[in-house]
There are 2 protein chains.
Amino acid sequence: LRDDVNEVDGGSSRSVRDLGEFGLIDRLAGLVPGSTAVVGIGDDAAVLDVGGADYLLATIDMLVENVHFDLQDTEPRIIGRRALAINVSDIAAMGGEPSFALISLALPPSCSARFIEDIYEGLVLEAALTTTGIVGGNVTRISGPLCIDVTVLGRVPRDEVVLRSGARPGDVLVVTGSLGAAAARREARVGDHTADAAMMAAADRLPAIPVPRVTVARRLASGRIARAMLDLSDGLAGDVRHLCRASNVGAVLRADRLPISATTRTIAAALGVSPVSLALSGGEDYELLIAISPHDVERAQDAAGAVPLTQIGEVVSQISGMILLTDSGEREELPPSGWTHF
Amino acid sequence: LRDDVNEVDGGSSRSVRDLGEFGLIDRLAGLVPGSTAVVGIGDDAAVLDVGGADYLLATIDMLVENVHFDLQDTEPRIIGRRALAINVSDIAAMGGEPSFALISLALPPSCSARFIEDIYEGLVLEAALTTTGIVGGNVTRISGPLCIDVTVLGRVPRDEVVLRSGARPGDVLVVTGSLGAAAARREARVGDHTADAAMMAAADRLPAIPVPRVTVARRLASGRIARAMLDLSDGLAGDVRHLCRASNVGAVLRADRLPISATTRTIAAALGVSPVSLALSGGEDYELLIAISPHDVERAQDAAGAVPLTQIGEVVSQISGMILLTDSGEREELPPSGWTHF
């Protein structure tokens with residue numbers, strides 16, 4: 001975020017580009033009055049009491065052509081799957097299971113029906129894989145980039161919901177899966193690296209669609225193992241900040257512990273970037289970041305089953321700040337934010 | 001819809017412009033498997049059993065710059081109010097009350113923070129007026145037109161939900177409010193009519209934001225008066241077709257009964273268009289179209305209170321088709337569809 005802009009009007013004349021994604025979200029959230037929601041704006045999903053035994057969870061997220069995907073590079077079926085998967089991931093991050101989805105499409109009029117049907121087949125496939133029912137939607141024209149906005153509703157037993165705000169100093173920070181892969185894949189495909197056949201082949205081995213960690217998250221929630229949880233959409237650095245801010249804590253991350261695959265490291269080397277920076281700031285991995293008691297590490301490993309679970313750091317007191325222990329053992333301030341959409 | 005396009009591939013090579021909004025929706029709906037929803041795709045909102053005493057209602061609808069509004073012509077606060085109101089209207093059309101909203105914004109990076117805050121203030125105002133809690137959202141960049149997509153969740157007692165499919169031959173068709181006003185306002189502002197000061201003044205008297213008919217719809221639902229109901233988003237002709245198709249019935253509309261305000265008629269005359277065609281095909285009025293038993297007309301009037309309720313026609317058997325009785329007493333086929341977004 002830039003702080004060097006004239007602030008005489010409190011920042012209202014600044015553009016959204018200047019404010020950044022999170023600066024803008026903060027401003028907008030400040031305009032919204034409280035509601036009867038159990039948890040409103042500020043977590044991965046809203047938590048709503050609609051009278052049943054479970055809480056209802058609700059989340060919305062949009063993919064925009066040329067921001068989140070490129071039609072030259074991404075098959076329509078992949079776009080559809082990803083649009084649903086990233087929302088299911090938000091439900092999982094609350095400890096919940098997805099139930100229903102609503103789909104909004106803004107389409108350039110020249111799109112072929114086949115292309116849109118392929119997007120929808122991706123949505124339907126991902127919905128089937130995550131036992132989510134597609135129950136509504138709309139389509140509209142747009143003179144501009146294709147947009148796909150998805151709402152997913154889920155459910156979680158009332159006493160099993162996991163927020164961002166439950167982390168305590170002394171907790172262990174763990175992540176599922178591996179980090180930086182989405183950024184490595186994206187960066188390898190940006191610009192003309194086609195001459196580097198090895199790198200392009202490596203990029204093709206990385207997954208194009210995140211796997212929402214519903215089962216693991218449910219087990220961590222129902223076993224009361226996860227004290228705080230969120231999904232890694234913005235990159236580890238930004239998302240650790242979200243967790244620390246919500247929980248009023250600090251964090252120490254150990255660079256040498258970050259789970260970064262050999263494929264991601266190969267691509268990082270070819271691109272001349274640090275694999276740790278891909279993990280910290282690359283975004284879009286949609287793995288889970290979880291704070292657990294140090295006494296629950298073994299139970300968490302059991303709950304994760306075949307999904308890798310890696311200790312990457314610790315929760316500390318807020319006054320200690322957010323620290324990265326580098327590979328060489330130095331203490332650095334965690335980079336200020338992850339990937340943003342502005 | 002054009003039927004003159006080569007259909008060797010079942011139409012998949014056709015563009016969405018060729019298919020039209022409803023042709024495309026039909027194709028996409030055909031790809032979606034059944035779900036556990038009580039009512040899924042095809043009504044104003046999905047009806048979901050989430051375990052409480054009430055059903056949950058869920059709807060999603062997007063406004064796109066240069067399709068649904070024009071930044072030169074529409075204040076940001078109005079855009080925000082309208083985006084929420086049209087979704088609340090869908091909840092009302094099921095007999096429900098709105099509860100919660102989620103907001104997705106795609107913003108050109110050059111937008112000022114003030115502009116976005118004004119949109120949000122419109123959303124917050126309309127939410128307050130309709131007792132809807134804004135509980136989540138997201139913002140993203142777009143290199144193109146501003147988009148605002150809103151999901152509204154609502155609730156309705158299980159035995160009071162009103163679908164599109166309950167109309168029976170012999171029912172009376174009634175509408176709330178007046179028709180054609182949104183189209184008259186829109187058409188008066190398209191092109192350069194500024195020389196016609198009287199018409200522009202008339203257009204300014206027409207409402208820029210629809211009033212969701214929540215209270216009336218709730219009374220018609222709880223009193224078991226409404227047999228079928230939907231909101232008029234596409235224009236009366238298109239929406240009567242939706243009702244007839246869902247209920248497997250036909251309809252006769254009486255042009256001389258359509259409630260069209262003097263202001264709308266003034267603008268229609270100045271534009272040289274038929275006020276009836278504005279009502280039939282103009283769209284965006286967001287009034288309710290309701291099928292009721294002829295025995296319930298008086299009870300419906302009581303339920304509507306101060307909101308005008310007008311008998312505009314009758315439900316007939318499906319084989320009779322969809323007929324317009326013109327001002328001069330002739331029987332015409334109802335125009336094929338209302339306003340579409342392609």
Side-chain angles (χ1 to χ4, degrees), chain A residues 11-17 19 21 24-25 27-28 31-32 35-37 40-41 46 48 50-54 56 58-62 64 66-67 100 102 104 106-107 109-114 116-117 120-121 124 133-145 147 149 151 341-342, chain B residues 11-17 19 21 24-25 27-28 31-32 35-37 40-41 46 48 50-54 56 58-62 64 66-67 100 102 104 106-107 109-114 116-117 120-121 124 133-145 147 149 151 341-342:
Chain A
S12 285
S13 65
R14 295 167 70 180
S15 71
V16 296
R17 188 194 284 115
L19 276 172
E21 181 175 358
L24 181 64
I25 288 171
R27 293 182 76 102
L28 297 181
L31 297 175
V32 175
S35 73
T36 60
I41 294 172
L48 308 172
V50 292
D54 293 343
L56 182 75
T59 186
I60 191 167
D61 210 359
M62 195 189 295
V64 177
N66 300 331
V67 176
F100 302 110
L102 302 156
S104 224
L107 305 172
S110 59
C111 271
S112 76
R114 162 54 54 206
I116 309 306
E117 287 167 346
Y120 241 78
E121 280 176 11
V124 167
I134 297 175
V135 297
N138 73 82
V139 293
T140 181
R141 176 166 62 87
I142 187 170
S143 296
C147 303
D149 195 36
T151 288
H341 294 104
F342 288 102
Chain B
S12 286
S13 65
R14 294 167 72 177
S15 72
V16 295
R17 187 194 286 112
L19 276 171
E21 181 174 358
L24 181 64
I25 288 172
R27 293 181 77 103
L28 298 181
L31 297 174
V32 175
S35 74
T36 60
I41 294 171
L48 307 172
V50 293
D54 293 343
L56 183 74
T59 187
I60 191 167
D61 210 359
M62 194 188 297
V64 177
N66 300 331
V67 176
F100 302 110
L102 302 155
S104 224
L107 305 172
S110 58
C111 271
S112 76
R114 164 52 54 206
I116 309 306
E117 286 167 346
Y120 241 76
E121 280 176 10
V124 167
I134 297 176
V135 297
N138 73 82
V139 293
T140 181
R141 176 166 62 86
I142 187 169
S143 297
C147 303
D149 195 36
T151 288
H341 293 104
F342 287 102

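Note that the structure is a prediction, hence the values are computed from the model and not measured. Here is the naming used below: chain letters follow the sequence lines, and residue numbers restart at 1 for every chain.
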Subject >> Any residue meeting side chain to side chain donor-acceptor pair (under 3.5 Å) with N138(B), in chain and number order, not counting sequence neighbours >> reply: S104(B)
**OP:** Decide yes or no for L107(B) and L24(A): does some side-chain heavy atom of the first lie under 4.5 Å from some side-chain heavy atom of the second?
**Re:** yes
**OP:** Go through the atoms of L56(B) and report whether side chain, backbone, both or neither lie under 4.5 Å from a heavy atom of chain A.
**Re:** side chain
**OP:** Please examine the side chains of V139(B) and I25(A), heavy atoms only from C-beta on, and report whether any two atoms are closer than 4.5 Å.
**Re:** yes
Subject >> Pick from C147(B), G133(B), A58(B) with the largest number of heavy-atom pairs that fall under 4.5 Å of chain A >> reply: A58(B)
Subject >> With A46(A) via side-chain contact (heavy atoms from CB on, under 4.5 Å) - residues at least two apart >> reply: L48(A), V135(B)
**OP:** Measure across I142(A) and P145(B) and return the closest heavy-atom pair with its distance rounded to 0.1 Å.
**Re:** CG1-CG, 3.5 Å
Original post:
Which region of V64(A), side chain (C-beta onward) or backbone (N, CA, C, O), has a non-hydrogen atom less than 4.5 Å from a non-hydrogen atom of chain B, or is it both or neither?
Top reply: side chain
Original post:
What residue, out of T151(B), D149(B), I134(B), has the most heavy-atom pairs lying under 4.5 Å from chain A?
Top reply: D149(B)
Subject >> Portion of V124(A) that has a non-hydrogen atom of chain B nearer than 4.5 angstrom >> reply: side chain
Original post:
Taking every heavy-atom pair that is under 4.5 Å apart, which of L28(B), T36(B), L31(B) has the most such pairs with chain A?
Top reply: L28(B)
